[in-house]
Number of protein chains: 2
Amino acid sequence: MLHAAEEIARSLGQDAVSYDDDVLEHHGHSDWSTSNSPERAVAVVYPRSTSDVSAIARICSRRDVPMVPFGAGSSVEGNFSQPHSGICVDFSYMDSVVAFHPDDMDVVVQPGVNWVDLNTQIASAGLFAPMDPSPTATVGGMVSTNCSGTNAFRYGTMKDWVLNLTVVLADGTVIKTRRRPRKTSAGYNLTSLFVGAEGTLGMVTEITLKLAPIPQDTSVAVVPFPTIRDAAAAATELIRSGIQLAALEIMDEQQMKILNEHGSEAVRRRKWAELPTLFLKFSGTTEGVKSDITRISDIVHATTGGRAPFHFARSKQEEADLWAARKESLFTMASIRPPGTELWSTDVAVPVSRLAEIIDWSKRECSKLGIFASVIGHVGDGNFHVAMMYDPKDAEQTRRVAQCVHQMMAMALEMEGTVSGEHAIGIGKKDCLRDELGPETIGLMRQLKRAVDPKWIMNPGKVFDW
Amino acid sequence: MLHAAEEIARSLGQDAVSYDDDVLEHHGHSDWSTSNSPERAVAVVYPRSTSDVSAIARICSRRDVPMVPFGAGSSVEGNFSQPHSGICVDFSYMDSVVAFHPDDMDVVVQPGVNWVDLNTQIASAGLFAPMDPSPTATVGGMVSTNCSGTNAFRYGTMKDWVLNLTVVLADGTVIKTRRRPRKTSAGYNLTSLFVGAEGTLGMVTEITLKLAPIPQDTSVAVVPFPTIRDAAAAATELIRSGIQLAALEIMDEQQMKILNEHGSEAVRRRKWAELPTLFLKFSGTTEGVKSDITRISDIVHATTGGRAPFHFARSKQEEADLWAARKESLFTMASIRPPGTELWSTDVAVPVSRLAEIIDWSKRECSKLGIFASVIGHVGDGNFHVAMMYDPKDAEQTRRVAQCVHQMMAMALEMEGTVSGEHAIGIGKKDCLRDELGPETIGLMRQLKRAVDPKWIMNPGKVFDW
């Protein structure tokens, strides 16, 4: 493996390769992740172009050395860990906007571009890329995990926003999946095959993203409910109404308590009801938003018999404060955890009608463990996250938390759900994926993987095993 | 091949197999299609379940016999023709709704279900499947061509509405691509690999479709413009405004002339301006539609300096009449063609900013041929159809029409477009696909095909060659 790194250094230049221990550690482990591997890459390499990446792949392929693509390191299932060591390919220097086509509403970027920066750059054209994962995420990683976030309810997931990809295959071959039309039915949908493949089929080196027009206006409302079930029932009514909400999120009573006690100054301007709470985002024309708020408020009133007070933002400042409560929640929770404890954060999705049931069940199971756990959900998509606080040095507690997560996955599958709504599989959920899809379907994925990467050197040990 | 058919008859019953010449002809040739093959299947077989289909595949695989899936026969690129003969698998008897989950907004159907019937069945739940191809199309065929239609501008294409697929592979293995969550990032996106694969990777035997809420209200407006370029420029402004139109279509002056002369009674109630005309569909809440109409009318007024008269439907009857003009256009044109002539209909898509240019160019080239040609476009997606009337017995004219279509494809590719926006590749556009994607990308598709269907017996001769 070291020989491969040295050959890459000769080809790309010495400064394109690092063997520094801190660098290797930073690229091999994440405190945010629930799944880490003790192994580390032998070197981190820094390509600056598709042809650099192709050179890396040709060298690694000739020497049978694993390649592990690395974006921002913000994934949480060990997606970039290196259980088989190898070469870590860091895309930090491939961070250019290659071409912006405002009239076509698309943009061509390199994988190292951060999505928040991108949206700042293109905002003056009235356009934006709608996916909103971790603010640190880069487009390459967002493609590879098929990320989403709060905007998915209105805008779908990453796969819906990628027009084409340039990909370097394991042997160094460069392919482009499509040209640049917004719509096509020409040939196999290779774009969607690489989106969410977690770098196991090749390394993405250029991405054309569809963009959406920035809505003329937005607003936010919050509605506390007596129980999670009441909240979920109301959410179902809202979805079925056909009113196009921009986001529909849920936070449980634990999360709301944390807001009151530990939220930022902006968030603590308000005294939050410590009850399961729906967060609604509206977007559209100014008139449209107004009329949507009226109709949604009526539906909530009718569904709950007036028992759930509907509160919408009366100013832009209040709108920002209300939404901040939702966006800060994970960070707030992470910041208050006692020294030595970790957060085990997981992510499942079920058909929408089963959401209340599985959230209820998960909360009951967690409370049996006597540990702090709380729920945030993209309720509009049937997708929710549970974060459990535990002490990784307490082996018995760790085992029980892991078991609880496993049972949650089993329950999601019983409900015809999925073991990963938006975090992908990585090394953390391979068993669960097998349970979800069964041996025939995994067998087909394996056949495809072998066809594209016969030496099994692209990000090995992820998604499923040989 | 006949032995395979006989073995299928023994396995599924004699009435599951037909050797009738008329039946074979009907399954091997289409007047609607621009691409047909002179070969015919040796038999048409009629499975009634996934396990029937699996039995057929096991028999054909053992005997190396091609299988060609057949839906409604409404595709237009020879997608179901049988250039290598074999067994035609007709899904007419697999036409059940397996399960309807209104609370989850999805429905599980067999491939032979017609989409118009499906939407009629589920309308009382306030839900619909939004793709609108030919009214005769069945869901299986819609999946296999990644169809779309006028609703694609708002709702995307077929790939965006398929939650999971049950697929019988070439060797008879049955796989299910996913369970039933609305959102997932678990494993490779096999669903999108089979959507648009035209049955070359396997036969789809069950489909779970996402459904959308039926909008509370709709309306339609028409706006004639002096030139196609003016119309396209206005369309770009409308798209960028961020107002969510339900559809944005264009018809050229030839189409409008046909409406005046040959439209149905409802359509001829109105005297149409014989100019390039935008057809706009609005949908949403009643208030939202009203406010959208006002804003769109303002934008059109501002963009054109008031030269384009914006007319919106003032009653439900008028709304239906206006939209009928758009929906009837292809049939009207087909019905008035002189005896002996055929329509060569083709479909390309380009980045939206290039649409006016390529439509202009196409119309000029057609007029040089001295034949009747007209354009209908899904302008919101940069996708348009040209229909050319020609005499297939006139070899020189046929050659020149074919050449003109080929040049149109080349022009679309120069503009970074695609050779097929929604009709797929079939046997008609294999050369064009090679031009579009290049040998490396086609090479990857071929590797995937070989991995899944090593004997190359699933719908051979389509999309690309061995």
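All values derive from a computational prediction rather than experimental measurement. Chain A is the first sequence line, chain B the second, and so forth, proteins listed ahead of strands; every chain is numbered from 1.
Put simply, of B:Glu77, B:Lys159, B:Arg295, the one with the most heavy-atom pairs under 4.5 Å next to chain A is B:Arg295. Among the candidates A:Arg180, A:Glu287, A:Gln216, A:Lys462, the residue making the largest number of heavy-atom pairs closer than 4.5 Å to chain B is A:Arg180. Most heavy-atom pairs under 4.5 Å with chain B, from the set A:Glu436, A:Met158, A:Arg354: that is A:Glu436. Heavy-atom pairs under 4.5 Å with chain B peak, among A:Gly288, A:Gly156, A:Pro181, at A:Pro181. Comparing A:Gly438, A:Ala349, A:Gly417, A:Gly196 by how many heavy-atom pairs each has under 4.5 Å with chain B, the most go to A:Gly417. Residue with the most contacts toward chain B among A:Gly126, A:Ala197, A:Pro215, A:Ser353: A:Ser353 (heavy-atom pairs, distance under 4.5 Å).
To the nearest 0.5 angstrom, A:Thr157 atom OG1 is 11.5 Å from A:His378 atom NE2. For the atom pair A:His101 NE2 and A:Leu127 CG, the distance stands at 12.5 Å (nearest 0.5 Å). To the nearest 0.5 Å, the span separating CG on A:Asn383 from OG1 on A:Thr150 amounts to 11.5 Å.
Residues of residues 182-191 of chain A lying under 4.5 angstrom from chain B, judged on non-hydrogen atoms, are A:Arg182, A:Lys183, A:Thr184, A:Ser185, A:Ala186, A:Gly187, A:Tyr188, A:Asn189, A:Leu190 by number.
A:Ala152 touches chain B through its side chain: at least one heavy atom from C-beta onward sits under 4.5 Å away, while N, CA, C and O do not. For a residue to count as touching a neighbouring chain, one of its non-hydrogen atoms must lie under 4.5 Å from one of that chain's; by this rule A:Leu413 touches chain B with backbone and side chain alike. For A:Pro102, the parts lying under 4.5 angstrom from a heavy atom of chain B are both the backbone and the side chain. Residue A:Thr441 touches chain B through both its backbone and its side chain, counting heavy-atom pairs closer than 4.5 Å. Residue contact with chain B, scored on non-hydrogen atoms closer than 4.5 Å, involves the backbone and the side chain of A:Asp381 alike. Within the 4.5 angstrom heavy-atom criterion, no atom of A:Arg450 approaches chain B. For a residue to count as touching a neighbouring chain, one of its non-hydrogen atoms must lie under 4.5 Å from one of that chain's; by this rule A:Met105 touches chain B with the side chain only. For A:Leu355, no part sits under 4.5 Å from any heavy atom of chain B, backbone or side chain. Proximity to chain B (any heavy atom under 4.5 Å) is shown, for A:Pro351, by both the backbone and the side chain. Contact annotation for A:Ser283: neither backbone nor side-chain heavy atoms come within less than 4.5 Å of a heavy atom of chain B. For A:Lys290, no part sits under 4.5 Å from any heavy atom of chain B, backbone or side chain.
With sequence neighbours excluded, the residues forming a side chain to side chain contact (heavy atoms under 4.5 Å, CB included) with B:Ser54 are B:Arg58, B:Val168, B:Val174, listed by chain and number. Every residue meeting the side chain to side chain contact (heavy atoms under 4.5 Å, CB included) condition with A:Val452, not counting sequence neighbours, appears here in chain and number order: A:Leu169, A:Leu201, B:Leu444, B:Leu448.
For the residue pair A:Asn164 / A:Thr208, a side-chain donor-acceptor distance below 3.5 Å is found, with atom types taken as modelled.
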>> Using side-chain contact (heavy atoms from CB on, under 4.5 Å), reason through B:Leu211 and B:Trp161 one step at a time and then give a plain yes or no.
In response: CA-CA 7 Å; B:Leu211 301 170; B:Trp161 294 90; 5.8 Å; no
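Side-chain contact between B:Asp292 and B:Thr294 is absent, with no heavy-atom pair separated by less than 4.5 Å.
Note on residues 432-452 of chain A: no pairs pass ring pair (Phe, Tyr, Trp, His ring centres under 6.0 Å), not counting sequence neighbours.
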